[in-house]
Colleague: 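Once you've had a glance at the structure underneath, I'll fire off some questions.
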Amino acid sequence: MPAVLRVYVGCGSILYGDLDGIDLVKIHIRSGKLSLMKFDDFDGQPIPLMTERIKIRLRDQDIDFFVYGSPHEPPPLYFKSRYLNEDHHMFEQQSRFDEDLEALSLFDPDGFGLPLQQLQQALASRRLEVSDYALAPSSTIPSLDEPCGAHFTFRHFIECGETWERTRLHNVPQQAATFNALHALATNILDPVIDYFGMIRLTYGFASAALAKEIPGRIAPHLDQHAGHELNRAGKPICSRLGAAVDFLVEDEDMVEVAKWMTANIPFDRLYVYGPDRPIHISYGPEGAHQVVVMSPTATPAQLVPKALTPDKFASFKWPTATSNSLLG
């Protein structure tokens with residue numbers, strides 16, 4: 001710090017006393033003031049809360065004390081890396097945290113930011129939470145009526161499909177990671193589709209082990225990702241691919257063309273196409289395979305032949321017949 005500023009701070013310390021316990025010093029050059037700030041666990045929290053602010057009025061040689069707590073909510077300090085020396089032992093972790101937080105665009109990074117409770121609510125709506133020095137996937141189980149993306153709630157994905165309508169089974173995920181995966185599916189896949197094509201109709205969503213047993217026909221819970229991150233009796237994922245999947249239909253649209261648009265514009269995991277007038281199966285997961293599989297009809301009505309196509313080949317693909325088949329769940 002330049003010598004003149006050290007003198008400025010030194011004048012303030014003569015009025016206030018020892019600066020031990022002060023975490024930040026703010027110099028008000030034009031107004032002739034000095035603010036000393038104390039935070040709750042400044043070194044240990046990525047967003048520390050201010051507990052006390054001392055304003056030293058050098059021209060008046062007087063001091064104002066502001067203590068935060070009930071009923072005055074402690075203001076959070078955002079982007080703490082701005083105030084850390086690069087040699088600080090937590091500088092790299094804090095910088096990464098600040099970059100991730102800014103990327104969410106929750107508030108103006110040059111302003112004061114949100115009250116902490118509003119930040120927590122904003123993160124929860126994105127299925128995120130602060131864990132140590134990271135924005136981590138949420139570890140909580142949400143209400144089924146909380147939003148899942150811009151157009152649905154979690155209930156829409158859980159109470160979904162012909163089999164659930166017939167059985168009304170308790171079909172609620174037990175793993176917080178499944179809710180996170182459903183949210184990621186909704187925001188990264190379905191929201192862009194709806195923005196482009198208009199509203200869609202979900203025909204098959206999350207499937208617990210109990211629901212999967214009631215679905216007629218041949219299904220593959222260990223592959224189809226409809227089980228999300230749920231575990232089997234051995235404590236292993238039902239589907240090792242993880243992520244989440246949904247089947248949906250866009251009314252009055254050629255679903256082959258919808259699938260082509262998705263292939264060109266959306267970073268999905270796996271996409272299964274059953275025909276122009278049948279629901280698409282789409283998944284979003286950690287593998288990000290971007291795999292397209294066409295389930296072509298055969299002479300036997302109930303039999304479909306899977307054929308994997310590269311995105312380039314699928315772009316020029318033509319559906320062979322006007323007849324198509326699919327599993328609706």
Side-chain angles (χ1 to χ4, degrees), residues 1-140:
M1 187 165 55
V4 66
L5 294 183
R6 291 202 299 271
V7 171
Y8 197 97
V9 174
C11 291
S13 67
I14 291 174
L15 287 174
Y16 173 74
D18 194 346
L19 298 186
D20 283 350
I22 300 299
D23 295 305
L24 287 182
V25 176
K26 181 177 181 180
I27 300 172
H28 308 261
I29 296 293
R30 294 181 179 178
S31 63
K33 297 175 185 177
L34 194 70
S35 291
L36 312 177
M37 289 167 277
K38 298 180 181 180
F39 293 85
D40 180 22
D41 196 7
F42 181 85
D43 287 327
Q45 296 295 328
I47 307 176
L49 298 178
M50 188 184 299
T51 58
E52 187 176 357
R53 177 168 59 92
I54 301 102
K55 182 180 289 185
I56 303 173
R57 305 199 306 273
L58 294 175
R59 293 172 184 172
D60 300 336
Q61 295 191 18
D62 203 356
I63 303 177
D64 297 321
F65 293 86
F66 304 89
V67 178
Y68 296 96
S70 179
H72 304 291
E73 183 176 353
L77 177 67
Y78 290 108
F79 306 112
K80 192 179 73 175
S81 61
R82 297 173 179 176
Y83 311 105
L84 298 180
N85 187 285
E86 292 183 1
D87 294 330
H88 191 278
H89 71 285
M90 292 300 294
F91 179 78
E92 290 186 8
Q93 294 94 321
Q94 184 69 53
S95 295
R96 286 195 296 269
F97 177 87
D98 292 346
E99 290 171 2
D100 292 343
L101 182 61
E102 185 174 0
L104 295 177
S105 301
L106 299 177
F107 54 83
D108 182 357
D110 295 322
F112 291 105
L114 300 172
L116 186 61
Q117 185 176 6
Q118 291 186 24
L119 173 74
Q120 291 169 339
Q121 292 171 347
L123 292 177
S125 71
R126 292 163 173 77
R127 296 296 297 163
L128 294 171
E129 63 187 22
V130 177
S131 177
D132 293 329
Y133 277 77
L135 291 176
S138 177
S139 60
T140 64

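Any value given below was found using the heavy atoms of this structure, including those in side chains, with hydrogens, waters and symmetry copies removed. Being a predicted model, the structure only gives us computed values, none of them experimental.
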Colleague: Between E129 (side chain only) and L123 (backbone N and O only), is there a donor and an acceptor less than 3.5 Å apart?
Modeller: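 Between the backbone of L123 and the side chain of E129 there is no qualifying donor-acceptor contact (under 3.5 Å).
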Colleague: Step by step, would you call L106 with R126 a side chain to side chain contact (heavy atoms under 4.5 Å, CB included)?
Modeller: CA-CA 11 Å; L106 299 177; R126 292 163 173 77; 3.3 Å; yes
Colleague: Donor-acceptor check, side chain of D100 to backbone of L135, threshold 3.5 angstrom: yes or no?
Modeller: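 Between the backbone of L135 and the side chain of D100 there is no qualifying donor-acceptor contact (under 3.5 Å).
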Colleague: Within a radius of less than 6.0 Å around CG of D62, do more than 12 heavy atoms belonging to other residues, nucleotides or ligands occur?
Modeller: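 It does: D62 CG has more than 12 such atoms within range.
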Colleague: Give, for atom CG of L49 and atom CZ of F39, the distance between the pair rounded to the nearest 0.5 Å.
Modeller: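 Those atoms lie 9.0 Å apart.
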Colleague: Does any part of the side chain of F79, heavy atoms only, come nearer than 4.5 Å to the side chain of E102, both counted from C-beta?
Modeller: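 The answer is yes; the side chains approach within 4.5 Å.
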Colleague: Of all the heavy-atom pairs spanning P48 and D40, show the shortest one and how long it is.
Modeller: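 The answer is CB-O, 3.9 Å.
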Colleague: Does a side-chain heavy-atom distance below 4.5 Å link F97 with K80?
Modeller: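 Not touching, per the 4.5 Å side-chain cut-off.
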Colleague: At their closest point, which heavy atom of P46 faces which heavy atom of D132, and how far apart are they?
Modeller: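 Scanning both residues completely, I find the closest heavy atoms to be CG-O, 3.2 Å.
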Colleague: Closer than 3.5 angstrom, by distance alone: can the side chain of Y8 be matched with the main-chain N or O of K33 as a donor-acceptor pair?
Modeller: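 Checked: pair present.
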Colleague: Looking at D87, is its backbone amide N or carbonyl O close enough to the side chain of N85 to form a donor-acceptor pair, meaning the two atoms are under 3.5 Å apart?
Modeller: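 A pair under 3.5 Å: yes.
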Colleague: Measure the spacing between CG of L58 and SG of C11 and express it to the nearest 0.5 Å.
Modeller: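 Taking CG in L58 and SG in C11, the distance rounds to 6.5 Å.
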Colleague: D43 and H88: which non-hydrogen atoms are nearest, and at how many Å?
Modeller: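 In this case the closest contact between D43 and H88 is OD1-NE2, 3.5 Å.
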Colleague: Give a yes or no on whether the backbone of F42 and the side-chain of D23 come within a donor-acceptor separation of less than 3.5 Å.
Modeller: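 A pair under 3.5 Å: no.
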Colleague: Going by the rule side chain to side chain contact (heavy atoms under 4.5 Å, CB included), which residues pair with V9 if we only count those two or more places apart in sequence or in a different chain?
Modeller: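 V9 satisfies side chain to side chain contact (heavy atoms under 4.5 Å, CB included) with M1, L19, V25, I27, L34 once adjacent residues are dropped.
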Colleague: I need the minimum non-hydrogen distance between P115 and E73, along with the two atoms involved.
Modeller: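 Closest approach of P115 to E73, heavy atoms only: CB-OE2, 3.7 Å.
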Colleague: Rounded to the nearest 0.5 Å, what's the gap from CZ on R82 to CD on Q94? Could you check?
Modeller: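 Nearest 0.5 Å value for the CZ-CD distance: 11.0 Å.
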Colleague: Show the nearest heavy-atom pair for residues Y16 and D18, with the distance to one decimal.
Modeller: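 For Y16 versus D18, the nearest heavy atoms are CE2-O, 3.5 Å.
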Colleague: If I take atom OG1 from residue T51 and atom CE from residue M37, how far apart are they, to the nearest 0.5 angstrom?
Modeller: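 Between atom OG1 of T51 and atom CE of M37 there are 11.5 Å.
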Colleague: Does the plane of the ring in F107 sit parallel, tilted or perpendicular to the ring in Y78? Use 30° and 60° as the thresholds.
Modeller: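 It falls in the tilted class, 30° to 60°.
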Colleague: Around Q121, counting heavy atoms of other residues, nucleotides and ligands shown, do more than 12 lie under 6.0 Å from its CD?
Modeller: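 Counting neighbours around CD of Q121, more than 12 heavy atoms of other residues, nucleotides or ligands fall under 6.0 Å, so yes.
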Colleague: Would Y68 and R53 satisfy side chain to side chain contact (heavy atoms under 4.5 Å, CB included), going step by step from the backbone distance to the final call?
Modeller: CA-CA 8 Å; Y68 296 96; R53 177 168 59 92; 3.1 Å; yes
Colleague: What's the spacing between D108 CG and L114 CG if we round to 0.5 Å?
Modeller: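 Reported to 0.5 Å precision, the distance equals 10.5 Å.
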Colleague: Checking side chain to side chain contact (heavy atoms under 4.5 Å, CB included) for the pair D64/R57: CA distance, chi angles, key distance, verdict?
Modeller: CA-CA 8 Å; D64 297 321; R57 305 199 306 273; 2.5 Å; yes
Colleague: Who pairs with K55 by salt bridge (Lys or Arg N to Asp or Glu O under 4.0 Å), at least two apart in sequence or on another chain?
Modeller: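 Result, salt bridge (Lys or Arg N to Asp or Glu O under 4.0 Å) vs K55: none returned.
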Colleague: Would you indicate whether the side-chain heavy atoms of F112 and P75 approach each other to under 4.5 Å?
Modeller: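 They are not in side-chain contact.
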Colleague: Ignoring hydrogens, what is the shortest heavy-atom contact between T140 and S138? Give both atom names and the distance.
Modeller: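 Between these two residues, the closest heavy atoms are OG1-OG, 2.9 Å.
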Colleague: Checking side chain to side chain contact (heavy atoms under 4.5 Å, CB included) for the pair L15/Q61: CA distance, chi angles, key distance, verdict?
Modeller: CA-CA 7 Å; L15 287 174; Q61 295 191 18; 4.2 Å; yes
Colleague: So does F91 have more than 12 non-hydrogen atoms from other groups sitting under 6.0 Å from CZ?
Modeller: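 Atom CZ in F91 is crowded, with more than 12 foreign heavy atoms closer than 6.0 Å.
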